[in-house]
Every structure is written in C-alpha cells, then in structure tokens.
Amino acid sequence: MLRAAALVEKLGIPTASIIGSEFLKQAAVVNKGLGVPLAIGVYPGAPMLDSHEELLRKVEESLAPGLLLGLTGRAPDEPVTAPEPKAGDVVYKGSLDEVQEYFYQQLWTDGLPVVPPTRRRVDAFLAYTDRQPDEVLAVVPQEGREASILSIAINGVMSGCRPEYMPILIAVIEAMVDPKFRIQDCGSTPGWEPVVIIGGPIIKQLDFNSGQGMMRFGRQANTSVGRFVRMYLRNICGYRIPPGAGDKGSIGQSFLVAMAEDEDTARGIGWSTYAEDRGFAEGDNIVTVHSVVSISSPIYSGGNRAVDHVQQWAEVMGQSFTYWSHTGFKTGLWNPLIVAGPSVAGVVASEWSKAEVRQYLYDHIKVTAERLTHYARMTSTPTFSLENLVADGILPPQYAESSDPERLLNVIIHPDMVEILVAGDVGRNQSRAYMGNHIQGPPTSRRIALPSNWPKPNA
C-alpha cells in the first residue's frame, strides 16, 4: 500500500494510507526506504476482531483525522536519521565478546553469535567470484539498501559460511531480487520463510546433505546457507523483529536449512531431477529459492504400488494445506513441494511418471466451495468470491460452474504447480510436503556462476 502511495505522491497527488496501529513500526521502516514522507490514518487494533459499532467509533475518532490531513496535502515531514556507515568502513574494533555485543545491540545479528566480518575474511569470500565488490544487484526493500556483492560476502562471513559458498550466495540473492520473487513481501504477517534448494554437481563438491537428516542443523553447507538468507533479510533488507521493525510475521518460523536433492537416486529411478524440471540441463549448478508458509507432518506410507504412497501424500497434503489454499485461489498461484524419501520415490517411479503423480494429486485433493470461502473470509478477505475470481481471469472457468456451496473444488489449481524433489532417509518410508505462500516467494531459480579459479573436477 505505501509503495503505491509513494508512486502517486511523486505524481503530485496527495495520498493517505490506512495503517493498523500494530503496523506503525513497519510502516516507518517502509517510509524510510521509499524516501517519501507519507500521510497515514491509524486504525487502533485489528478491525477483523471489532464489532460493527466499535469499528465505526474507531474510524470516526482515530482513522478519519489522519486521512483528512493526508488528503489535504499536509503530509508529515521526513524524519531525520543518522547516516549509515559507508560500504567497506570499519564499524567497530574490540575483542570477540565486545564485537558480539556491539553487533547484537545494533540489531546486526540473528540473536546467535556471528563470525566477525573482518576485511581478511571478507576478502577470502570475494576471491571466489569474478564480480566486483561494488556491483549492485538491486536496491531492496524495506529500507532501500543496495544488494551488492560486498554485502553478500559480509553477511556470508557473519552466517558461518565457507568462502567457497560465495557463488551460491550470489545466486541466492539474484533469485530473491528477481521481481517475480517479491522480496518486498518477506515481512508479511504469515511469517513465511524462504528455503534454498541446491541442484547440480556442487551438492557433492561442497558436501551438502541430501540424505538422512537433510533439514536438520548440523551440516555446515546446508545450515550456514540457510542462515545466510535470514541474516541478509535482516541486515540488508531490514526485516527485523522487535525491538527492530520491518518484519511483521505475527508468529513466524525459524530459518530453514538449505535443501539438496539426492540426484543420483532421482536419475536412478528414471525421474528427472528437480533442477531439470525447472528447465536446466544435467550438470548445471542451480539454486532455487521457494517460500514456505507451512510444513506437513511426516508422511509415512507403505506398499509396493505407486498409489499406496501418492494417495497418502494427497490425504496429508489435503489435511495440512487446504485451509491456506484460498490465498493461492486469490492470486492464481501456489506451489506445493513434495520431498519424497528415496525409497518411497523408487516405488512410485516404478509405475508413475512425475506428471502422473501431479495429476493424481490434482484430481484427489478437494475442498468444498463453502469451506474455502469461509477460510478466506476468516483470514483477511471478507469479499472473497470464486465467481469474481473467474470473471477476472485468475481462476479457470470450472471454479464458477455451479453455485452449490457443497460442490467440490480442486485445491491445486493446475497439476504443473506441484513440485517434486527426491531426498531424505533411504532407510525409512517417510516423505514431507512444503506449502508456498501463493505469489509471495514462488520458486525462482538461478544458475550458480563459478569463478575462473574454481577447482576443476578431479583436480
């Protein structure tokens, strides 16, 4: 909302934005990044929880005066803020403990100890890219900072990455600043978290875990790359929780370690790899960044037929994800991701292609129109209408073919939206599913550009 208001203000048209009182700190961060003073009207509390009478009272007493000031052209003055250090400046000198405390007080950490980004350590990261430190990939929200190669190296050091991870870190940020990914929504109230998915020979070269315990902390590559994403979102984008601001995840979740696919198993059972499904060639090193708003329970399945396992996936995904799927209906996009255990995937692949798996899930995960509409209206969309979404071309025509509230609808809008990755414990019959947050953080991929000094295979 504030970004749209800033565009209108730059055209010389006064605006006033409606902001809930609990969003004021985040609004201040956004305003700072936009560099345009914007008028707001404040609604105290959450309007979804107020009676009609209480809503009218708050609009009259609190909201309307602020809106009136804005619409009459009396926007607030831009706040004066202290200048930030320049890129490459030495910001502090002291002992290890003193550095930790200083960085923590400046809100430059994720609450855990960091590796001090000394010039020597940062230079070691920069040695693993052919790009210049001052190259800027984008200017990123919330606070309008430059996503530079130098900033990637600094946050990589702080996160505990190894210097040789630098090409991966650059590709991760390139994916996240792609407009399709919508990095501006990383601080939204659902508290979704980006997960990095690694593909290609670099999985083995840098010792990423694609087997048992793949999503646990413990393997440096998976853990530190996952931590880097959250560190970068805090330090460069400005997504901080109190006493900071910018991140409005109402409850949120912790950072996810990076995923890596068991590509040998995927090819051995006759399936394409996840990276190949995304349009890349065998041998390409790839990162994909994918939002995760919800994770299913562990999905255990048994039997020697494909349907025994995929039916179980459908049942658990339906139970886990149906409630939130209305967000995908409003935008026409959401991407459930299945991490299929290697042994389970082997049974399924003996009979079905990935396309057949996707079709089965599309056909068998259903929700009634009444439940879907109820979930949407309880969340944030009192005007939710399947008919309007079809009329606007967001949903296919079949979603409005009947007015029966008990009619069954496909929860997955199109089979191709389902993503499948093979990884996990080869000795157990477990899979798991991850739900993306509609158009916020859709799967976005980049090739990893290795530097000219990268060791050759078997060198």
Side-chain angles (χ1 to χ4, degrees), residues 1-4 6 17-35 38 40 42-43 45-46 79 81 84 103-112 114 138-147 151-152 154-156 158-159 169 172-173 175-179 181-196 225-258 289-295 324 327 379-380 434-442 444:
M1 178 191 299
L2 291 174
R3 294 183 185 90
S17 301
I18 300 173
I19 303 292
S21 57
E22 296 304 310
F23 288 79
L24 285 175
K25 287 186 177 181
Q26 188 183 36
V29 171
V30 174
N31 278 352
K32 176 184 174 183
L34 292 171
L38 297 172
I40 61 173
V42 179
Y43 185 95
T81 57
E84 293 192 345
F103 273 49
Y104 180 71
Q105 294 301 329
Q106 297 299 313
L107 305 182
W108 293 344
T109 80
D110 54 7
L112 297 173
V114 297
V139 175
V140 292
Q142 302 280 55
E143 297 180 334
R145 292 191 182 88
E146 294 179 340
S151 71
I152 294 170
I154 291 170
N155 282 273
M158 292 173 63
S159 302
L169 306 184
V172 167
I173 300 305
M176 292 178 66
V177 300
D178 186 322
F181 186 78
R182 298 181 63 88
I183 197 172
Q184 67 268 26
D185 294 322
C186 281
S188 61
T189 58
W192 59 271
E193 196 68 22
V195 66
V196 174
V225 170
R227 186 187 185 194
F228 163 80
V229 172
R230 175 47 51 190
M231 192 81 75
Y232 203 87
L233 288 172
R234 282 181 59 87
N235 289 344
I236 305 304
C237 299
Y239 293 113
R240 302 182 183 91
I241 61 171
D247 184 346
K248 199 60 178 69
S250 297
I251 293 177
Q253 57 181 308
S254 298
F255 75 83
L256 299 170
V257 306
V289 188
H290 192 307
S291 67
V292 174
V293 73
S294 177
I295 304 172
W324 196 246
T327 62
T379 306
S380 61
Y434 295 74
M435 183 174 185
N437 199 41
H438 57 94
I439 61 170
Q440 296 182 0
T444 307

Would you tell me whether [X] and [Y] have side-chain atoms, one donor and one acceptor, within less than 3.5 Å of each other?
X: Y232; Y: S151; result: yes
X: Q440; Y: S188; result: yes
X: W192; Y: D185; result: no

[atom1]/[X] to [atom2]/[Y] distance, rounded to the nearest 0.5 angstrom?
X: R227; Y: S254; atom1: CZ; atom2: OG; answer: 12.0 Å
X: I152; Y: I173; atom1: CD1; atom2: CD1; answer: 5.5 Å
X: M231; Y: C237; atom1: CE; atom2: SG; answer: 13.5 Å

Quick one: which of P194, C186, S159 gives a side-chain contact (heavy atoms from CB on, under 4.5 Å) with V229? P194

How close do [X] and [Y] get, heavy atom to heavy atom, and via which atoms?
X: I183; Y: Y239; value: O-OH, 2.7 Å
X: R240; Y: L107; value: NE-O, 3.1 Å
X: L233; Y: M176; value: CD2-CE, 3.7 Å
X: A175; Y: F181; value: O-CB, 3.6 Å
X: M158; Y: N235; value: CE-ND2, 3.7 Å
X: Q142; Y: Q184; value: OE1-O, 4.2 Å

Before giving the answer on side-chain contact (heavy atoms from CB on, under 4.5 Å), spell out for M435 and V292 the whole-Å C-alpha distance, their side-chain angles and the decisive distance to 0.1 Å. CA-CA 5 Å; M435 183 174 185; V292 174; over 6 Å; no

Residue pair R145 / V139, side-chain heavy-atom distance below 4.5 Å: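 Sidechains of V139 and R145: no contact.
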
Ion pair check, D110 and R234, cut-off under 4.0 Å: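 So D110 does not pair with R234 through a salt bridge.
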
Apply the test side-chain contact (heavy atoms from CB on, under 4.5 Å) to residues L256 and V196: give CA-CA distance (whole Å), side-chain angles for both, the deciding distance (0.1 Å), then the verdict. CA-CA 8 Å; L256 299 170; V196 174; over 6 Å; no

With side-chain contact (heavy atoms from CB on, under 4.5 Å) as the test, would you mind laying out the steps for W324 and N437 before giving the verdict? CA-CA 9 Å; W324 196 246; N437 199 41; 2.7 Å; yes

Determine, stepwise, if the pair R230 / E193 fulfils side-chain contact (heavy atoms from CB on, under 4.5 Å). CA-CA 8 Å; R230 175 47 51 190; E193 196 68 22; 2.9 Å; yes

